[in-house]
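Nothing here was measured: the structure is a model prediction, and the numbers come from that model. Every chain is numbered from 1 and lettered A, B, ... according to where its sequence line falls, protein lines coming before strand lines.
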There are 2 protein chains.
Amino acid sequence: MDIRIGLADDQQLFLRSLSALISSFPGFSVSAEALNGEEMLLKLRDAEERPHIVLLDVSMPVMDGCMTAERIRISFPEVKTVALSMKQDDDSVLKMLRAGCCAYLLKDIDPHELKWALTQIYSSGYYNAGFIKVNLNRLLLHDQHKQPVITDREREFLKYASSDLTYKQIASKMFLSEKTVDGYREALFSKFNVKSRVGMVLEAVRRDLLRI
Amino acid sequence: MDIRIGLADDQQLFLRSLSALISSFPGFSVSAEALNGEEMLLKLRDAEERPHIVLLDVSMPVMDGCMTAERIRISFPEVKTVALSMKQDDDSVLKMLRAGCCAYLLKDIDPHELKWALTQIYSSGYYNAGFIKVNLNRLLLHDQHKQPVITDREREFLKYASSDLTYKQIASKMFLSEKTVDGYREALFSKFNVKSRVGMVLEAVRRDLLRI
DNA sequence: TTCAAATACCGGAAATTTCCGGGTATCCAA
DNA sequence: TTGGATACCCGGAAATTTCCGGTATTTGAA
């Protein structure tokens, strides 16, 4: 009996390619492909034979990897989820693990390691990539410290901040005083632990709060 | 006789996956894989049977797609190059086409279209994805206006600029005077047509000069 | 050899960003 | 009803960024 894998990634070529790769592993088959989280949930709902393991891209349109993992955990608890991402920033890793993923893999993983990871997850329920293992304790310790909550206004401000506009111009676009947007700036600096507007914008991009 | 394909992409999993996908196309085989441009050139040099077509990721470390395409065109003119990218901004497209690529494909292309494109390129020497066709005339008209050349020092400065460092700190890291880095800043502002450091960094990211 | 481009440097001033302190009003949940 | 989070506002000063004007040396290609 094959280990059935589900794949969700918004990049079509990567999705189909990875599917071809995994199908070529003996003992594995791909039973569901989706271009976003919502599509994956639909396929799981309608599937006769659900995948044992679903690989989820972290950043997808319509429904991102985190929310999808959460929904899968609730609706199909027998299906194991694995995060697949290009980034390995602490926040993403934590968010996915907290959403119930039993592994966090990087997209530049070696195919052999991927196969090994999937085998491990199928049999023992989890797999820790080397880089994760090292940090896991530190991450879980500082857990509640991190994950600062970004308000809607701050998010809106971030959009304007990632441009050539001065704060004065941003204030007028948001119909606020300069001092108020200065407040948002200050709040985000401390939440992101940065010291400049450039750092703030880059951190926002890294946290997927901004698309560029 | 199979159509031989070469692949260069820094993302290991994508590289191997795409290789699996293309190998599964009847009449195709993958005869060279590389994680960057330099590696690909070495493989081409040593290969007994060179690929007919090489797919190049636009943004790679060590040697990017553009330079690789150029070098392939010079050293192995019989090998056709194809750009493979996530982005479709005018500059990237132009740069790759000018470097001698006979097609510019997006990474979320449908596998069937990829196969069709490769077939076309093999037999007729070129393939235009829909989106390119529309813009090609406009692009070629405005050609020389665009494409500001970024020097190595400017590129290095950009790396430092995409951080919390002040220009003073950047200057000391680069062993230059503050005024000199101010010169780089000024040059890049005008090349990118922006008015602030944030704009500069974001534009650099858009042009694949910086990774985030 | 001559010219352009890249590199390196300088001063001064205006604009913007950053940091510090303070404050009020509302709303919601404990 | 008290506390906490959010949204909003203010002044002042220091640091940084931006813009303007220059000059000199090196280097490689025409």
Taken to the nearest whole Å, CZ/A:Phe192 to C1'/C:dT18 is 17 Å
note: B:Leu176, atom CG; D:dA24, atom P; distance rounded to Å ~ 20 Å
Taken to the nearest whole Å, CG/A:Leu165 to P/C:dA15 is 18 Å
Identify whether any heavy atom of A:Arg185 sits under 4.0 Å from a base atom; if not, whether one sits that close to sugar-phosphate; answer base, sugar-phosphate or nothing.
base
To the nearest angstrom, the CZ-C1' distance between B:Phe189 and D:dT16 comes to 12 Å
When the side chains of residues 46-55 of chain B are checked against the rest of the protein, which donor-acceptor pairs come out under 3.5 Å, sequence neighbours left out?
| residue | atom | partner | partner atom | Å |
| --- | --- | --- | --- | --- |
| B:Arg50 | NE | B:Leu44 | O | 2.6 |
| B:Arg50 | NH1 | B:Glu78 | OE2 | 3.2 |
| B:His52 | ND1 | B:Arg4 | N | 2.9 |

Ranking C:dC19, C:dC9, D:dT16 by distance to the side chain of B:Thr166, first place goes to D:dT16
Please determine whether a side-chain nitrogen of the Lys or Arg among B:Asp57 and B:Lys107 lies less than 4.0 Å from a carboxylate oxygen of the Asp or Glu.
yes
Closest non-hydrogen contact found for A:Arg16 with B:Pro111 is CG-CG, 3.1 Å
Polar atom pairs (N or O), protein with nucleotides 10-12 of chain C, under 3.5 Å:
| residue | atom | partner | partner atom | Å |
| --- | --- | --- | --- | --- |
| C:dG11 | N7 | B:Lys179 | NZ | 3.1 |
| C:dG11 | O6 | B:Lys179 | NZ | 3.2 |
| C:dG12 | O6 | B:Lys179 | NZ | 2.8 |

Original post:
If you draw a 6.0 Å radius around CD in B:Glu39, do more than 12 non-hydrogen atoms from other residues or ligands fall strictly inside?
Top reply: yes
note: B:Arg155, atom CZ; C:dA6, atom P; distance rounded to Å ~ 12 Å
Handout entry: Residue B:Met86 excluded, over 12 heavy atoms near CE under 6.0 Å
Key = no
Exercise. Give a yes/no verdict on a cation-pi contact between B:Lys173 and B:Phe157, requiring under 6.0 Å between NZ or CZ and the six-membered ring centre and an angle within 45° of the axis.
Key: no
The residue, A:Glu178 or B:Gly183, whose nearest nucleotide of DNA chain C is more 5′ is B:Gly183
In whole angstroms, the gap separating C1' of C:dT17 from CG of A:Leu188 amounts to 15 Å
Here the distance between atom P of C:dT16 and atom NZ of A:Lys168, to the nearest Å, is 5 Å
Practice prompt. Kindly check if the number of other-residue, nucleotide or ligand heavy atoms within 6.0 Å of CE (A:Met174) is above 12?
Written response: yes
Notebook entry, point to check: Side chains of A:Asp164 and B:Ser196: is there a donor and an acceptor less than 3.5 Å apart?
Noted result: yes
Pairs under 3.5 angstrom only: tabulate donor-acceptor contacts from the side chains of residues 180-189 of chain B to other protein residues two or more places apart or in another chain.
| residue | atom | partner | partner atom | Å |
| --- | --- | --- | --- | --- |
| B:Thr180 | OG1 | B:Ser177 | OG | 3.2 |
| B:Asp182 | OD1 | B:Arg185 | NE | 2.9 |
| B:Asp182 | OD1 | B:Arg185 | NH2 | 2.9 |

| query | Is any side-chain N of the basic residue among B:Lys191 and B:Glu203 closer than 4.0 Å to the acidic one's carboxylate O? | reply | no
- Is the number of heavy atoms from other residues, nucleotides or ligands within 6.0 Å of CG (A:Asn193) greater than 12? no
Separation of D:dA5 atom P from A:Glu154 atom CD, nearest Å, is 13 Å
So, with a heavy-atom separation below 4.0 Å from DNA chain C, the residues of residues 193-202 of chain A are A:Lys195, A:Ser196, A:Arg197
Check: Quick one: is A:Tyr167 getting a side-chain N or O under 4.0 Å of the C:dT18 phosphate, OP1 or OP2?
Finding: yes
What donor-acceptor contacts under 3.5 angstrom involve side-chain atoms of residues 70-77 of chain B, with partners at least two apart or in another chain?
| residue | atom | partner | partner atom | Å |
| --- | --- | --- | --- | --- |
| B:Glu70 | OE2 | B:Arg73 | NH2 | 3.3 |
| B:Arg73 | NH1 | B:Arg98 | O | 3.3 |
| B:Ser75 | OG | B:Arg71 | O | 3.2 |

Below 3.5 Å between N/O atoms, which protein atoms pair up with nucleotides 26-29 of chain D? Just atom names and distances, please.
none

Checklist entry - Which part of the nucleic acid, if any, lies within reach of A:Tyr184 when heavy atoms closer than 4.0 Å are counted: base, sugar-phosphate only, or nothing? => result sugar-phosphate
